Amino acid sequence: MSGHGMPDPDPLDPLDPLDPLERERAHLAASRTALRAMRHDVESLDIRNVTANWVNAEALQHQIDARIEALADLADTPLFFGRLDHADSPRPPGAPEQDDPSAVRYYIGRRHVHDADGDPMVIDWRAPVSQPFYRASKKDPQGIGLRRRFGYTGGELTAYEDERLSDPDEAEKASALLRLEIERPRVGPMRDIVATIQPEQDEIVRTGVDGTVCVQGAPGTGKTAVGLHRVAYLLYAHRERLARTGTLVIGPNRSFLRYIEQVLPALGELAVRQATVEDLVTEATGVEVRGTDDPEAARIKGDARMAEVLRRAVRSGVTMPAESCVVVRGSRRWRVPAYELEEIVRELLERGIRYGAAREALPQRVAHAVLTRMERSGEAPDDRVQNAVARDAAVKALVKAVWPEVDPARLVLRLLSDDGFLAECSEGILTEEEHKAILWTKPPRGVRSAKWSAADAVLIDEAADLVRRTPSLGHVVLDEAQDLSPMQYRAVGRRCATGSATVLGDLAQGTTPWATASWAEALSHLGKPDAAVEELTRGFRVPREVIAYASRLLPHIAPGLSEATSIRDAAGSLRVRAVEVEELDGAVVDACREALEREGSIGLIAADARVPALASALDAAGVPRLSPGTETDAGARLTLVPATLAKGLEYDHVVLDEPAAVVDGEPDERTGLRRLYVCLTRAVSGLTAVHAAPLPDPLRDGGDA
Ligand SMILES: Nc1ncnc2c1ncn2[C@@H]1O[C@H](COP(=O)(O)OP(=O)(O)OP(=O)(O)O)[C@@H](O)[C@H]1O
């Protein structure tokens, strides 16, 4: 009997048993055939007799269509990328390195494929039996004798790489296939890393669904990749639960989301929403963001203290009843005295339930007080009477007077335009200057005409949650988290209040005035103070020379952080060129042309203010260019990227225009150097920095000039 997933060896098998590549190709072909058969089975399902009605039939057909789509055989996506042979029957010493047909064997791929008998031919990478493919090592072989990685060229299986984990004589070596995969030129959007997830990454990917993890990671350590694969993993391990509760990936902006949007569909996961925090809060509140704040106002509006200001504002309209409430039923009048109504109101205020829920509870409480009186006088009212009393005009009038309805947008509008109201709500919380900084000088006429800023929309979202609980999703991945304000963390936190989160970021790349200073603080704003913080320092993107150059900025921008290492040593990957001012644009265009002679994508990154000049220079030179978020293809490979949009993106070759201008584009030096750090760490193969102005201090006397 052969291992699982491999047919028994056929004595008449014409394949050369000593040619492993040929055998693997045969397994690939057989798996393809099996996948086609699986698809054919689903396609030929006849649902006419199993569904009683039209709606069911529609729903079922929809599921079937999705399944057919999921079973498509994508020619350029290999069906499997790895193989595990269990160590149960080790190869006898001196035996030839041929396949051991008696070993329990699994092929690992992007999806599950089984043969006509239901025996697995390929195992989903997320299944528990696949885990050793990512985690087993010589120190801890996890029962694995052989781990084989496959290399493909254009869909053809062309290479394999073996590690004999239980062979003490075999030295541990870096995987050449991993290196090839990372250096494979980038054209088009981000791709998945299922074939090469590293052990430290896999631990994060497979953290349980109830655990929130926060990952601090230097540029290019795979945070984004890990976050996306974690969603795919969770959807596999908890499909039903998450289908019900939903999953969400949050990124900093549209171009970033466009860059990552293909990864989950490529892993077979089509139903994960991807959005920015702004998308979420504007959608929830119905306001449109058309305005901006100056940095100081934005900082204050994003400060966690605003949550308390809003809490006070929401409850500010609650007043204590001055009069008793009289309900007339038939010939009798029932009076609940003011002091008792006050007790009810106070109790509701103290119970900490949502404002809206308390407003709904109030008439029932008053009705209950009426019913108690009825019972005391010998009546036997039932629930219907209580409901009728709760709907009585006198009770309604009372609720309206003491617990007024709150419209979140109107409330925030009042807060930001009514000096006295803001003073009342922020007393002892904001300083006089802070109060002035957020007050609108020209109050808008109404909610629709107001030029709401992104920070305002978050305030409205907070107010809305104080009134009515925001529904929570099952899992949220928050990428580039370091740039969120405390109020934004809270907005994300309420969207995973009963679920879990994966928080990804790098404190050194924080470029907002409110950038996260510590993960502990951020996690407490998120409402997940007990989350584990993991650090990733092994860099996959940036070559050693380039990351070392960028890391010179670290002591100035994030002194406590570890420097990233790089798994790749690409000599000559860093070039720094000094030119005269009048030559700058020309030298940058030349550097782009040089980069275009090589394969892959090219990013020309420049201070936002320099972008128009460089766009003209490229146009004049006849070099086609794209904007960030537009897909590169073989014909157009150069993207002109404003420094403020570079975060999270990567290019095979980066040309960096005038580093000093990138620093000067920010309001303070530390933010400027952080922005520069982001720009310096976008390159996979090579970075050419071209400058006319002196380089920022930490970068002087470096590079090969
Ligand atoms: N295990 C891996 N195998 C192959 N490629 C990997 C692996 N881990 C990361 N990469 C690649 O390294 C690059 C950087 O990954 P990613 O963008 O996820 O890093 P990041 O930590 O989010 O970076 P940044 O902080 O700059 O946003 C990507 O091209 C990604 O596909």
Side-chain angles (χ1 to χ4, degrees), residues 200-201 204 212-227 250-253 256 277 295 298-299 302-304 476-490 492-493 501-542 546-566 643-650 662-663 666-682 696 698:
E200 70 274 19
Q201 297 176 323
I204 299 167
T212 290
V213 234
C214 170
V215 184
Q216 157 62 42
T221 50
K223 297 182 292 298
T224 301
V226 163
I250 302 179
N253 55 54
F256 175 84
V277 172
R299 186 190 63 75
D303 192 296
V476 172
V477 172
L478 176 58
D479 205 353
E480 303 292 353
Q482 72 283 338
D483 283 325
L484 263 58
S485 69
M487 290 300 282
Q488 286 175 317
Y489 277 117
R490 292 174 60 90
V492 175
T502 303
V503 180
L504 311 161
D506 179 8
L507 299 178
Q509 296 184 60
T511 48
T512 49
W514 45 82
T516 305
S518 94
W519 289 118
E521 208 182 291
L523 289 166
S524 81
H525 294 310
L526 192 74
K528 310 276 184 208
D530 301 325
V533 181
E534 310 283 346
E535 193 171 7
L536 291 178
T537 55
R538 204 147 66 103
F540 297 88
R541 175 194 300 134
V542 193
V546 178
I547 195 74
Y549 186 62
S551 298
R552 290 196 213 165
L553 300 177
L554 268 183
H556 306 267
I557 58 177
L561 290 187
S562 323
E563 225 175 85
T565 58
S566 172
T644 54
L645 281 187
K647 205 172 281 180
L649 306 181
E650 69 183 15
V662 171
V663 179
E666 299 296 330
D668 62 88
E669 198 192 9
R670 192 184 71 167
T671 308
L673 291 175
R674 284 180 167 189
R675 182 75 71 198
L676 181 57
Y677 181 67
V678 171
C679 299
L680 287 169
T681 52
R682 298 304 101 200

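Numbers here simply count residues along the sequence, with the first being 1. For clarity, every value in this text was computed on a predicted model and none was experimentally measured.
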Note, Leu561 side chain near Leu507 side chain (heavy atom, < 4.5 Å): yes
How long is the straight-line distance from CG of Leu553 back to OH of Tyr677, given to the nearest 0.5 Å? 8.5 Å
For Thr212 and Lys528, work out which heavy atoms get closest and say how close. OG1-CD, 3.4 Å
Does any non-hydrogen side-chain atom of Val226 lie less than 4.5 Å from one of Thr221? no
Applying side chain to side chain donor-acceptor pair (under 3.5 Å) as the test, list every pair that has at least one member in residues 554-563; sequence neighbours left out. Glu535-Ser562
Test item: Glu200 and Leu536 side chains (from C-beta on) under 4.5 Å apart, heavy atoms: yes
Within residues 480-489 or reaching into it, pairs that qualify as salt bridge (Lys or Arg N to Asp or Glu O under 4.0 Å) - sequence neighbours excluded: Asp483-Lys647
Please determine whether the number of non-hydrogen atoms from other residues, nucleotides or ligands lying under 6.0 Å from atom CZ of Arg538 exceeds 12. yes
Walk me through it: do Val477 and Ile250 pass the test side-chain contact (heavy atoms from CB on, under 4.5 Å)? CA-CA 6 Å; Val477 172; Ile250 302 179; over 6 Å; no
Between Thr224 and Phe256, does the side-chain contact (heavy atoms from CB on, under 4.5 Å) criterion hold? Intermediate values first, please. CA-CA 11 Å; Thr224 301; Phe256 175 84; 4.0 Å; yes
Could you pull out the closest heavy-atom pair between Ala304 and His525, with the gap in Å? CB-CE1, 3.5 Å
Using every non-hydrogen atom in the two residues, find where Phe540 and Gln201 come nearest and quote the distance to one decimal. CE1-NE2, 3.2 Å
To the nearest 0.5 angstrom, please state how far the OG1 atom of Thr537 sits from the CD atom of Gln216. 10.0 Å
Are any non-hydrogen side-chain atoms of Ile547 and Thr565 less than 4.5 angstrom apart? no
Indicate yes or no: at least one non-hydrogen side-chain atom of Gln482 is less than 4.5 angstrom from one of Trp519. yes
Report yes if the side chains of Leu554 and Pro559 come closer than 4.5 Å at any heavy-atom pair, otherwise no. no
With respect to Leu523, which candidate in Asp530, Val533, Thr516 satisfies the side-chain contact (heavy atoms from CB on, under 4.5 Å) definition? Val533
Between Val503 and Ala481, what is the shortest heavy-atom contact and its length? CG1-CB, 3.6 Å
Between Glu666 and Arg675, does at least one N-O distance fall below 4.0 Å, as a salt bridge requires? yes
Once rounded to the nearest 0.5 Å, what's the spacing between atom CG of Asp479 and atom CG of Leu504? 5.0 Å
Side chains of Val492 and Tyr489 in contact at under 4.5 Å (non-hydrogen atoms): no
Heavy atoms of Val662 and Cys679 approach each other most closely as CG1-SG, 4.1 Å
Side-chain (Arg541) to main-chain (Thr681) donor-acceptor, under 3.5 angstrom: yes
How far apart are the closest heavy atoms of Pro219 and Arg682, and which atoms are they? CB-NH2, 3.8 Å
Between the NZ atom in Lys223 and the CD1 atom in Ile204, the distance rounded to the nearest 0.5 Å is 10.5 Å
What is the distance from atom CG of Leu478 to atom CD of Gln488, rounded to the nearest 0.5 Å? 9.5 Å
Between the OG1 atom in Thr511 and the CZ atom in Arg674, the distance rounded to the nearest 0.5 Å is 8.5 Å
Side chains of Ser485 and Asp303: closer than 4.5 Å at any heavy-atom pair? no
